[in-house]
> 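Okay, here's the structure, questions in a sec.
This structure is a prediction, so every number in the text was calculated from the model and none was measured. Reckoned from all heavy atoms, side chains included, excluding hydrogens, waters and symmetry mates. Naming: A, B, ... by sequence-line order, numbering from 1 per chain.
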Protein chains: 2
Amino acid sequence: MIVPTLCALAEPTRLAAIRRLRDGQEHCVCELMDALGATQSRMSRHMQVLKQAGLVVDRRDAQWVRYRLNPALSPELASMLDAILIAQDSLERKAA
Amino acid sequence: MIVPTLCALAEPTRLAAIRRLRDGQEHCVCELMDALGATQSRMSRHMQVLKQAGLVVDRRDAQWVRYRLNPALSPELASMLDAILIAQDSLERKAA
DNA sequence: TCTTTATATGCGCAAATGCGCATATAAAGG
DNA sequence: CCTTTATATGCGCATTTGCGCATATAAAGA
């Protein structure tokens, strides 16, 4: 079902995390929590939700856990992510 | 914010309603509740959520309330809806 | 081995959500 | 008017959610 995926995305911090991961690079939790102003435990749990939804994958690297977009995302899901982020951009521009 | 919009869509009955409304036609609550197997009060409330999110508009027509996609939806939001429905289609095909 | 840094998780609690049920409102038609 | 059909909503309740806090786990390095 697409619904759990949408659920995972329907949260400001998680959507912001996805936006950051959209650069194709890996990002550790500590970077994301700083950038997005979340507490450590919250950020960790948010990333678990995204992982559970299959949107991201993680990898242990020394002390860090590196998250990146799931490279196996179907083209349809990738397009959906793009469309969501673009829609968000457009709404923010409209607000300004 | 896009988040409330995603929230509104992240529910099976509501997403199914949006899919039906995607035909551009008007649909009354009684039709949607029958088609989607929802109770009357649930369906009514779901449509209120979609309306509140700006995704649909309604119109009184005798005893009926006709819902349709918000014709003033921005192209970006319309594209997002399409992308979500396409992603859902692709997941369902994958499941089969 | 002790400390530091990074991440995950158990837990308790307050708030939010979702639902059914009953009832209210609205319009049409006998 | 009274009934029927369609829709909306108030309310109570059980479940879920989201959060902070403390603590556990993991890895590195002094």
> Give the rounded distance in Å between these two atoms: CG of B:Asp58 and P of C:dA26.
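Taking CG of B:Asp58 and P of C:dA26, I get 14 Å after rounding.
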> For B:Ala87, is there any backbone N or O sitting under 3.5 Å from a side-chain donor or acceptor partner on B:Ser90?
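Yes: the side chain of B:Ser90 pairs with the backbone of B:Ala87.
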> Hey, is CD on B:Glu92 packed in by over 12 heavy atoms from elsewhere, all under 6.0 Å?
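Buried by this count: over 12 neighbours within 6.0 Å.
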> Go through D:dT9, D:dA6, C:dT7 for me and flag the one nearest to the A:Ser44 side chain.
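Of the options given, the side chain of A:Ser44 lies nearest C:dT7.
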> Write down the distance between CZ (B:Arg14) and C1' (C:dG18), rounded to a whole number of angstrom.
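One finds 10 Å between C1' of C:dG18 and CZ of B:Arg14, rounded.
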> Give the rounded distance in Å between these two atoms: CD of A:Gln52 and P of D:dT17.
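In whole Å, D:dT17 P lies 12 Å from A:Gln52 CD.
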> Go through C:dT7, D:dT9, D:dT7 for me and flag the one nearest to the B:Ser41 side chain.
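Among the listed nucleotides, the one closest to the side chain of B:Ser41 is D:dT9.
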> Does CD belonging to B:Gln52 count more than 12 external heavy atoms closer than 6.0 Å?
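Result for CD/B:Gln52: open.
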> Donor-acceptor check, side chain of B:Arg68 to backbone of B:Asn70, threshold 3.5 angstrom: yes or no?
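No, because the side chain of B:Arg68 does not come within donor-acceptor range (under 3.5 Å) of the backbone of B:Asn70.
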> Would you mind reading off the distance between B:Asp61 atom CG and D:dA8 atom P, rounded to a whole angstrom?
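That distance rounds to 13 Å.
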> What's the closest nucleotide to the B:Arg42 side chain, out of C:dT9, C:dC19, C:dA28?
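Of all the options, the side chain of B:Arg42 is nearest to C:dC19.
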> Measure the distance from CZ on B:Arg59 to P on D:dA6 and round it to the nearest whole Å.
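In whole Å, D:dA6 P and B:Arg59 CZ are 16 Å from each other.
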> Of all the choices, C:dT7, C:dT9, D:dA8, which nucleotide is nearest to the side chain of A:Gln48 once you look at every atom?
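The closest nucleotide is C:dT9.
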> Just how far, in rounded Å, is P of D:dC19 from CE of A:Met43?
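So the CE-P distance, A:Met43 to D:dC19, works out to 11 Å.
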> Which nucleotide wins on minimum distance to the side chain of A:Gln63, given the candidates D:dA6, C:dT7, D:dA27?
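So the nucleotide nearest the side chain must be D:dA27.
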> Could you tell me how far apart B:Glu11 (CD) and C:dC19 (C1') are, to the nearest whole angstrom?
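Distance check: B:Glu11 CD to C:dC19 C1' gives 11 Å.
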> C:dA6 phosphate, OP1 or OP2: any side-chain N/O from A:Tyr67 under 4.0 angstrom?
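Checking A:Tyr67 against C:dA6: no side-chain N or O falls below 4.0 Å of OP1 or OP2.
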> Let me know the distance between CG of A:Leu32 and P of C:dT5, rounded to the nearest Å.
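It is 20 Å, rounded to the nearest whole Å.
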> Which nucleotide, if any, forms a Watson-Crick or G-U wobble pair with D:dT23, using both distances under 3.5 Å?
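Here D:dT23 is engaged in a pair, and the nucleotide opposite it is C:dA8.
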> Checking contacts here: which listed nucleotide (C:dA22, D:dA6, C:dT7) is nearest the side-chain heavy atoms of B:Trp64?
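Ranking C:dA22, D:dA6, C:dT7 by closest atom to the B:Trp64 side chain puts D:dA6 first.
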> More 5' along DNA chain C: A:Arg60 or A:Arg45, using each one's nearest nucleotide?
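So the residue in question is A:Arg60.
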> Would you confirm whether A:Arg45, through its side chain, and A:Met47, through its main-chain N or O, come within 3.5 Å as a donor-acceptor pair?
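No; zero donor-acceptor contacts below 3.5 Å.
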